[in-house]
Amino acid sequence: MSKISVLFVCLGNICRSPTAHAVFQSMVDSEGLSQQIAVDSAGTGDWHLGHAPDQRTCAVASERGYDMSELRSRLVEAEDFNRFDYIIAMDNENLSNLHAMRPGDYEGQLGLFLDYSQQSEQTEVPDPYYGGDNGFAMVLDLVEEASAGLLAHIRLTSSEMQSL
Ligand code: 4NP
């Protein structure tokens, strides 16, 4: 059985997409699905390549039990369109950059993370980098909620998961 693979993408890959990476991975692990679903994250900008997630992101995540210490920033690359079934953008700018890179024959799902969310007030995960500390908690709230929606979607739609 091949794994279903999910790539979360933001701008710097040090705040929002690593949060999604850690939260979704934790959900996958606690549901016993780590052999079925692979998770990764990347950024469209190269300022923080090789860096650990932002300390403010790590602090908020750690308060809720998520460990991000192993994650390092990397760029989205063309090969990602061969590797990932889901490429999920945090905001419309990330999405339009991904559309520009998308090969014509990509058959996976390329879309916005909050399309999987039940709440309808926000359509994008806002960039918290230049804002105050409450922006980081808000990112985590949105990410936790959308992660649950994404996992429910994958369970419903992928034939690999029907028997689980
Ligand atoms: P992220 O946040 O895209 O959620 O990782 C940002 C991190 C760094 C920068 C912008 C956004 N930056 O301009 O360096």
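Remember, it's 1-based here, ligands and their atoms both numbered in the order they're listed.
With contacts defined as side-chain heavy-atom distances shorter than 4.5 Å, the pair Phe84/Val6 does not qualify. Side-chain contact check for Cys10 versus Val125: every heavy-atom pair is 4.5 Å or farther apart.
For the residue pair Gln109 / Tyr116, no side-chain donor-acceptor distance below 3.5 Å is found, with atom types taken as modelled. Side chains of Asn97 and Asn94: no donor on one and acceptor on the other come within 3.5 Å.
Closer than 4.0 angstrom to ligand 1 by heavy atom are Cys10, Leu11, Gly12, Asn13, Ile14, Cys15, Arg16, Trp47, His48, Asp127, Tyr129, Tyr130, sorted by chain and number.
For residues 97-121, no pair satisfies salt bridge (Lys or Arg N to Asp or Glu O under 4.0 Å), with sequence neighbours left out.
Remark: Arg16 fails to qualify as a cation-pi partner of Phe136 under the 6.0 Å distance and 45° angle criteria applied to the six-membered ring.
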